[in-house]
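Below is one structure, written out as structure tokens; the observations come after it.
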Amino acid sequence: AQSVTQPDIHITVSEGASLELRCNYSYGATPYLFWYVQSPGQGLQLLLKYFSGDTLVQGIKGFEAEFKRSQSSFNLRKPSVHWSDAAEYFCAVGAGSNTGKLIFGQGTTLQVKP
Amino acid sequence: SAVISQKPSRDICQRGTSLTIQCQVDSQVTMMFWYRQQPGQSLTLIATANQGSEATYESGFVIDKFPISRPNLTFSTLTVSNMSPEDSSIYLCSVDRAGGQYNEQFFGPGTRLTVL
């Protein structure tokens, strides 16, 4: 069965520092992978997605992610974090079979220090 | 993307009562989904609501507790019935505009429910 693991529950970085949020997935075929962000009191916003092709994908707000099949990973990165990036980040994998369903990781809370 | 609105945005309810949450999309979509997000937790899928068919519920969720309507391609409702404090959560609807082919979903802002 498909699954997603986000090993880091909580991460704190200083403003201006680089960021990497980890995501590992379990899926038998080529996965559809997503990163969403949830700001306090808000719904989920799609940051970026991977379907196929170039394994380095660019998203909104300066985020990027790299798909590494050999490591079953889809880590999210940003070179310089802004205070407004403080939020909850969710990695998700498509459940396939044209169900439209997503399997979400447990989320990583990002705190940004001034 | 899609513009999705939910009503109410938040509510405080007494145990034993029911609340109906509305989800409106700015364009026609086949697939809509309802999620529950308990405090400090990730999202759990409650059901898939496709227009013209009965909602499909995930394990642990039943129609008597979470009846869903999907009267047309832009609207759905989720009712949380006979509420208890354990139902206090954020409830989110989402849509898939590609008929489930790529699993790409867009989310509404959520309804924050507190049950006393």
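Every value quoted in this text rests on a predicted model; they were computed, and no experiment measured them. Residue numbering restarts at 1 for every chain, and letters A, B, ... go by the order of the sequence lines.
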query = Rounded to the nearest 0.5 Å, how far does CG of A:Leu44 lie from OH of B:Tyr35?
reply =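 Interatomic distance, B:Tyr35 OH to A:Leu44 CG, rounded to 0.5 Å: 9.0 Å.
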Practice problem: Start with the C-alpha distance between A:Phe104 and B:Gln37, add both sets of side-chain angles, then the distance that settles side-chain contact (heavy atoms from CB on, under 4.5 Å), and finish with yes or no. | Solution: CA-CA 11 Å; A:Phe104 283 89; B:Gln37 186 179 24; over 6 Å; no
Can you tell which part of [X] gets under 4.5 Å to a heavy atom of chain B, answering side chain, backbone, both or neither?
{"X": "A:Leu46", "answer": "side chain"}
{"X": "A:Gln6", "answer": "neither"}
{"X": "A:Gln42", "answer": "backbone"}

Report task. Please identify each residue that fulfils side-chain hydrogen bond (donor to acceptor under 3.5 Å, both in side chains) with B:Gln24, with sequence neighbours left out. Result ->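 In terms of side-chain hydrogen bond (donor to acceptor under 3.5 Å, both in side chains), with neighbours along the sequence ignored, B:Gln24 is linked to B:Thr74.
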Check: By side-chain hydrogen bond (donor to acceptor under 3.5 Å, both in side chains), which residues pair with B:Asp87, not counting sequence neighbours?
Finding: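 Partners of B:Asp87 under the side-chain hydrogen bond (donor to acceptor under 3.5 Å, both in side chains) test: B:Lys65.
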Provide the closest heavy-atom pair for [X] versus [Y] in the form atom of the first, atom of the second, distance.
{"X": "A:Tyr36", "Y": "B:Gln105", "answer": "OH-O, 2.6 Å"}
{"X": "B:Glu104", "Y": "A:Phe51", "answer": "OE1-CZ, 3.8 Å"}
{"X": "B:Ser42", "Y": "A:Gly105", "answer": "OG-O, 2.6 Å"}

Within a 6.0 Å radius of atom [atom1] on [X], are there more than 12 heavy atoms belonging to other residues, nucleotides or ligands?
{"X": "A:Glu20", "atom1": "CD", "value": "yes"}
{"X": "A:Arg77", "atom1": "CZ", "value": "yes"}
{"X": "B:Leu116", "atom1": "CG", "value": "yes"}

Query - Shared hydrophobic cluster for B:Leu113 and B:Phe33 (ILVMFWY, side-chain gaps under 4.5 Å) - result: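 As far as the 4.5 Å side-chain criterion goes, B:Phe33 and B:Leu113 are not connected within one cluster.
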